[in-house]
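Note on naming: letters A, B, ... go to the chains in the order of the sequence lines (proteins, then strands), and numbering restarts at 1 for each one. These numbers come from the heavy atoms of this one structure, side chains and all, not from hydrogens, waters or symmetry mates.
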Number of protein chains: 4
Amino acid sequence: MKDKTRPTPLVEYSHVRANTQAMVECLDREDMAIQTMPDVSPTKWHLAHTSWFWETFLLQEHLEGYVEYDSNYNYLFNSYYNSIGTRHARAERGFLSRPGLEDVLGYRRHVDSAMERLLRVDQDQDFFTIEPLLRLGLAHEEQHQELILTDIKHVLSRHPFGPVAFPERLASISSAPEALASWIGFDGGVFAFGIEDAPFQFDNEGPSHQAVLTPFALADRPVTNGEFAAFIRDGGYNTPSLWLSDGWGRVEAEGWRAPLYWREQDGEWLEFTLHGETVPLADAPVAHLSFYEACAYAEWAGARLPGEREWEHAALRAAGPDGCFALPGFSAHPAVSTPGEGLRQMFGGVWEWTRSDYAPYPRYRPAAGAVGEYNGKFMSGQYVLRGGSCATPMGHVRPTYRNFFPPQTRWQFSGLRLAKDI
Amino acid sequence: MKDKTRPTPLVEYSHVRANTQAMVECLDREDMAIQTMPDVSPTKWHLAHTSWFWETFLLQEHLEGYVEYDSNYNYLFNSYYNSIGTRHARAERGFLSRPGLEDVLGYRRHVDSAMERLLRVDQDQDFFTIEPLLRLGLAHEEQHQELILTDIKHVLSRHPFGPVAFPERLASISSAPEALASWIGFDGGVFAFGIEDAPFQFDNEGPSHQAVLTPFALADRPVTNGEFAAFIRDGGYNTPSLWLSDGWGRVEAEGWRAPLYWREQDGEWLEFTLHGETVPLADAPVAHLSFYEACAYAEWAGARLPGEREWEHAALRAAGPDGCFALPGFSAHPAVSTPGEGLRQMFGGVWEWTRSDYAPYPRYRPAAGAVGEYNGKFMSGQYVLRGGSCATPMGHVRPTYRNFFPPQTRWQFSGLRLAKDI
Amino acid sequence: MKDKTRPTPLVEYSHVRANTQAMVECLDREDMAIQTMPDVSPTKWHLAHTSWFWETFLLQEHLEGYVEYDSNYNYLFNSYYNSIGTRHARAERGFLSRPGLEDVLGYRRHVDSAMERLLRVDQDQDFFTIEPLLRLGLAHEEQHQELILTDIKHVLSRHPFGPVAFPERLASISSAPEALASWIGFDGGVFAFGIEDAPFQFDNEGPSHQAVLTPFALADRPVTNGEFAAFIRDGGYNTPSLWLSDGWGRVEAEGWRAPLYWREQDGEWLEFTLHGETVPLADAPVAHLSFYEACAYAEWAGARLPGEREWEHAALRAAGPDGCFALPGFSAHPAVSTPGEGLRQMFGGVWEWTRSDYAPYPRYRPAAGAVGEYNGKFMSGQYVLRGGSCATPMGHVRPTYRNFFPPQTRWQFSGLRLAKDI
Amino acid sequence: MKDKTRPTPLVEYSHVRANTQAMVECLDREDMAIQTMPDVSPTKWHLAHTSWFWETFLLQEHLEGYVEYDSNYNYLFNSYYNSIGTRHARAERGFLSRPGLEDVLGYRRHVDSAMERLLRVDQDQDFFTIEPLLRLGLAHEEQHQELILTDIKHVLSRHPFGPVAFPERLASISSAPEALASWIGFDGGVFAFGIEDAPFQFDNEGPSHQAVLTPFALADRPVTNGEFAAFIRDGGYNTPSLWLSDGWGRVEAEGWRAPLYWREQDGEWLEFTLHGETVPLADAPVAHLSFYEACAYAEWAGARLPGEREWEHAALRAAGPDGCFALPGFSAHPAVSTPGEGLRQMFGGVWEWTRSDYAPYPRYRPAAGAVGEYNGKFMSGQYVLRGGSCATPMGHVRPTYRNFFPPQTRWQFSGLRLAKDI
């Protein structure tokens, strides 16, 4: 029997789709067409690809009589599903002048209207079949909401005059000096990790399994801009002994001297944000670090990155009121954390790099078919990030959620929280 | 005293500017924003850069009280004039989402209205001063008209579904078998070349000077698609002895097997044109060849490329009615030449590669100041093309006109005409 | 008190050093000078670098009155120790014509004679201080013995006529059909891993710690050439669903179609070995696979790679007579395994890729100073291999030994052993 | 009838071959095996390739019963003759450990002894047939003598400690201040250029033809190190308006700040020479310039480069005693010119860049067959140098001799002489 107290699937669907649309309202049409590096996709492509996902995995399979919008779109807007057929080269998404924005918006309306039919008709009867795909599709669209924000940030940052796209400006507050981070300790033992049989989860969050932790402590908040600036002043970017060998190679090859989007002017640091360029707030979490920079900072601070299981274990047991995962909705820049007890800002500030490579949990097997290409095939050469950033949609993440990126990645809102052995 | 029979400068100016605008009418807004390789500039950039040229070299210097449209545009839309200040990287012109198309069109209107004031006020009195710059600006804008066409052709060709941008389609005519080209002979001697003190000329067309020619002959028409297809069938792209060493290196590195925009399907050649994909017309001039392919074809045909002075000498003496330089206006694809006497299609079909490197004529000196960066500094590593293509604006070229590109260039409408010693 | 039954340190030292020298006897002087890719070092460089290690970490610090051989060598033959000063670029080791081989051999003799003094004088008294460095130096030289073999294999393979450097030829035996591999099962539980306080170990093998295993099985022998050839015939290199995403990217970018050193001729596979080119023996372990190829093979076989702790756990409990780690000395190519009980060929055939990224064990801290650069700073972007190959010196490895390479690496003798959940 | 007064062909042959051998006597065996950039070939390769030339074009065709030394050598030591078959990749010549130096020297002896037979037997009768090939082979071997020197210079310069290979050291002379260069003027007119039907010439030196010169002047000596240092001090490398556009691109991409082999130390310039590092002699010709640097210097000096025909015309008419082409034999570094009348150091100091691209003379046709690949196919993308450098063998050059290199080339002894219009 249907649960009458929670929103209907259609309401949930409409809510997520409307959020996507709302995000791009302040953008110009050309902003949405441009690709500034292979990792970045044009906004227009995200708008189309998220619709393609619904069309391919739900409508084509489960809505009788569904007529596809345009048969070329399967080629153009397939991201990486080899099973679905050939696809357009990722680095050339910025070459797609056609379809224009109007056609893409038409595609969204076409898909929305078909989804409405699918979710209305025989809902009670068939919903059991399609619910896992619906949940996956919603989570997928939420992931792209975050990418829309981080990708457009990169696009706008490459413009020589850094146009302001987002209306509100960062308050030029003079924050009170932040207290030092406190350490919160945890005992060792054999504990359970991961999740399975949840209403929704990604397959990479399971199976549930046991592992050993030794006693450790986590900082109660992420590393701040002020702390990271001290690392820079102390020559952090000039001291190879602080760095992993690959990390030092990147520092030299790319000329890294500060987080992405920071630049020096007259001896002061400025940070490009979606509200314009500003002085980095000393007490806000530092963002746009690579895994290598996070490791080097931790080494400099006499600490280390947490393992992903340490992070998960702590999040389930010690998240304070500000650290919980009821996020207030995404915003365009990480905020200063609220003082308080327990672990703060575990969610909603920055994604936190862990020391764990992105690998399958014991006994993990990807799902059969194209949906199985969602996670498993990316399990090499990447590191796990936990938590969620200011750009992550409300309700999208949870303590078992595993985000992952290659170690040199910097265009996400990625920072760190220190850990140590005790 | 003013010449009453020719169009006023303002009429000339308005005519050229309106032509530019007319060319882009059939394009979508996103088509105009995209850059598909470093050589290509977005249409929007061409629209702005041509306006910047008027603003920088005429309005700022010669129109009292002129207020510039946007002080950032000097950085964004300077193409290569180092004297004018720093400029935006060429390969990143496709990153410029802002200014949007509306702003660029506003820029054009702003410049046009100021130019109108400049050309009306005190025209008789001051015109002597600005006329050389006006002529240069008109020629400059015409050069960009051609680039708009060849650049958008490249952009559209990179789209996976080759969208049709230009309304008319190539007539699927079945042309009568073309007669073999005839040779037209010329005596040797010491002759004059180049031009100086013309109403308008580019500085690279002078000084006028003497040089020696030995007896030679030119084909009466350019090499056709049908002839070039025979070269391909005969293994031209697999026979290193036909190629310059650098050319053969390109064949191997780039995998050239046919002109740019040709592709094989089921054993037949198709050619991407601005009217869509079509079977290459056997009797139309072959286009989109590099210098290396032109040389290899000539070698295969037992002939050679003409020197640029041979070409100029012949054009002045033997152009037939179809070969004259009263072009009927640009079109999107080269047409079949009209049978007739004399040299045919010397202008208006394809740019014709010559064997001459792009070098200064004897006693050439570039003009002082930024205008001097127009031609002289490009005089290395390029080869001269003569004539003019279907994409060249009517009235832009003449027998002394020297176009030039690096030898691997293929995205222009570039072909060849055979020459031989006699 | 001294242990009289085991070889003296000087005997051990002399033995290892003599082995290095013996390996290069069959090489020509120019063979030893050449570098064919950045990963490969010239033999001459290995001969000098191993001597530099003794000079820098033992002689300069602990032998009174030691006079260095040549002050330039610290720059030339430092591999990656940033603390020791600047060093010569890795990719340019092949540019070092000087010092010539004679000088390098003189360097080895100089170091050997000084080491003899160090190990003789006051041995009972001071040996406690230098013993850890001596052990590290011996292990280090043994690691380079393996690299000398794999590097010269690559050098000789790039020669157009594959000169034969090593005297014995592979017998062209026709082996009996190999029985299918058997599975050997292991229970789950919490077990101890790693080693500490051993007479010698690398720092990355500790600290000793506990972790959870779930029930699993290992194949009793590595995957063979015959089995891998079946994977190729079945289209393994053309089936993206078998591959990690990064692995498939490599397949396409590098055109991989078989293990490194295999090439097809008239429909048959040939393998380049240090004894010349030969048909791959069906029953010998397949070698020269990347991590990606190992994963794809396991996926195709319905199995997976073992975790490094599964491998270690099994090696300590179930190695058969042929699987033990008393290797018979290195050889130039992996041999067919001897049939028998238990896990076979855990050591001495091929290095076996595991699914574990190369990461610090819990509570690991690198040693202080330059010696600390041995392992810790490489702990990102690499995967662990366990066991040891035909090229690994006798006595160098043990069940806790962790080798590591980036996932695309193929020039080592690297293969795999299947694992599965039970 | 044979000319008894000039050396016999065999004496000439032996002399040139012995010179090659003498050049490499001071080199170590590993020096001769190394390749430091694609343009550079190992000394050992030059020794073998020059022998291959004799074997392929003379012995195989004209010596009855000739047995080739090793059938693999045709593949290994063919430089660029496509007609002769496939060949080893140029950038991988440094991978050829085998054949070793002894085998290559054996190859030379084998070829020399066969050539002796060829040149003795029936010399009077058949010599007419093979003489053109003999002359070509001698000139070819002399060209490689120069390359041996410039290539080994590059190899040694890449060694971190710049080993001294050549015994004599540059005298640390303090030269008297050099007088300014004088201008020597020439009238304009129609003149003859090039040569044909000479006892020996390269095919690119003909056909003889007429061309127009306008009045010009040449400096009586090449630009010196002292003059070029003034250009550097005056910001020559920071002033884009002095440079060709492609040249400026190179300056920025490669970070050029001085000629190749110059480096700054404590505010002073040092120059790497084959005698070791030294202060550049103020009055010696500046060497190791690209075409772009030569053009920029000329622009800065208010002059220009000569055309190749201006240079040839002047050399035939006004070479002083020091400017004649009876060179005293090659040396390892350009000397200061001897004061005197007329054009000085036209030969034997540095190769002098001209403003002329390397193009075929009117009515030029390459020879048929593989010998025809000597020159013609390289006639694109290169500029002509005239004269001859300190590294050019005595008697190898003449006023009509055309050397050529791509405009960015710097590893040859290349400099410039100023020209101007009068």
Side-chain angles (χ1 to χ4, degrees), chain C residues 24 26-38 40 42-45 47-48 70-78 85-106 151-166 274 276, chain D residues 24 26-38 40 42-45 47-48 70-78 85-106 151-166 274 276:
Chain C
V24 305
C26 59
L27 295 176
D28 282 356
R29 195 164 142 188
E30 280 114 329
D31 295 333
M32 300 196 226
I34 284 173
Q35 176 171 36
T36 44
M37 67 167 175
V40 157
T43 310
K44 191 174 73 174
W45 189 92
L47 294 176
D70 185 319
S71 58
N72 286 332
Y73 284 19
N74 189 42
Y75 178 85
L76 295 178
F77 300 122
N78 176 355
T86 59
R87 57 204 149 88
H88 189 244
R90 175 168 189 166
E92 299 188 0
R93 288 175 185 165
F95 293 178
L96 295 175
S97 57
R98 323 286 177 89
L101 183 62
E102 287 72 21
D103 287 335
V104 166
L105 295 178
D151 288 1
I152 198 68
K153 182 170 182 174
H154 193 268
V155 167
L156 297 175
S157 79
R158 293 306 305 273
H159 193 288
F161 304 125
V164 172
F166 286 77
L274 279 167
Chain D
V24 305
C26 59
L27 295 175
D28 282 357
R29 194 164 144 188
E30 280 113 329
D31 295 332
M32 300 196 226
I34 283 173
Q35 175 170 37
T36 44
M37 67 167 175
V40 158
T43 310
K44 192 175 70 175
W45 189 92
L47 294 176
D70 185 320
S71 59
N72 287 332
Y73 285 19
N74 189 41
Y75 178 86
L76 295 178
F77 300 121
N78 177 353
T86 60
R87 58 205 150 90
H88 189 244
R90 175 166 189 169
E92 299 189 359
R93 289 176 185 166
F95 293 178
L96 295 175
S97 57
R98 321 290 177 87
L101 183 62
E102 286 73 19
D103 287 335
V104 166
L105 295 178
D151 287 2
I152 198 69
K153 182 169 182 176
H154 193 268
V155 168
L156 297 175
S157 79
R158 293 305 305 273
H159 193 288
F161 303 125
V164 172
F166 287 75
L274 278 167

Between D:Leu96 and C:Ile34, the two heavy atoms sitting closest are C-CD1, 3.9 Å
Applying a strict 4.5 Å limit to non-hydrogen atoms, the region of C:Gln35 in contact with chain D is backbone
dist D:Asp28:CG -> C:Glu102:CD (nearest 0.5 Å) comes out at 8.0 Å
- Check the pair D:Arg29, C:Glu30 against salt bridge (charged side-chain N to carboxylate O under 4.0 Å, His left out), reporting the backbone distance first and the verdict last. CA-CA 8 Å; D:Arg29 194 164 144 188; C:Glu30 280 114 329; 2.9 Å; yes
Smallest heavy-atom separation, C:Thr36 atom then D:Phe95 atom, equals O-CZ, 3.5 Å
Output for pair (C:Ser97 OG, D:Leu156 CG), nearest 0.5 Å, gives 6.0 Å
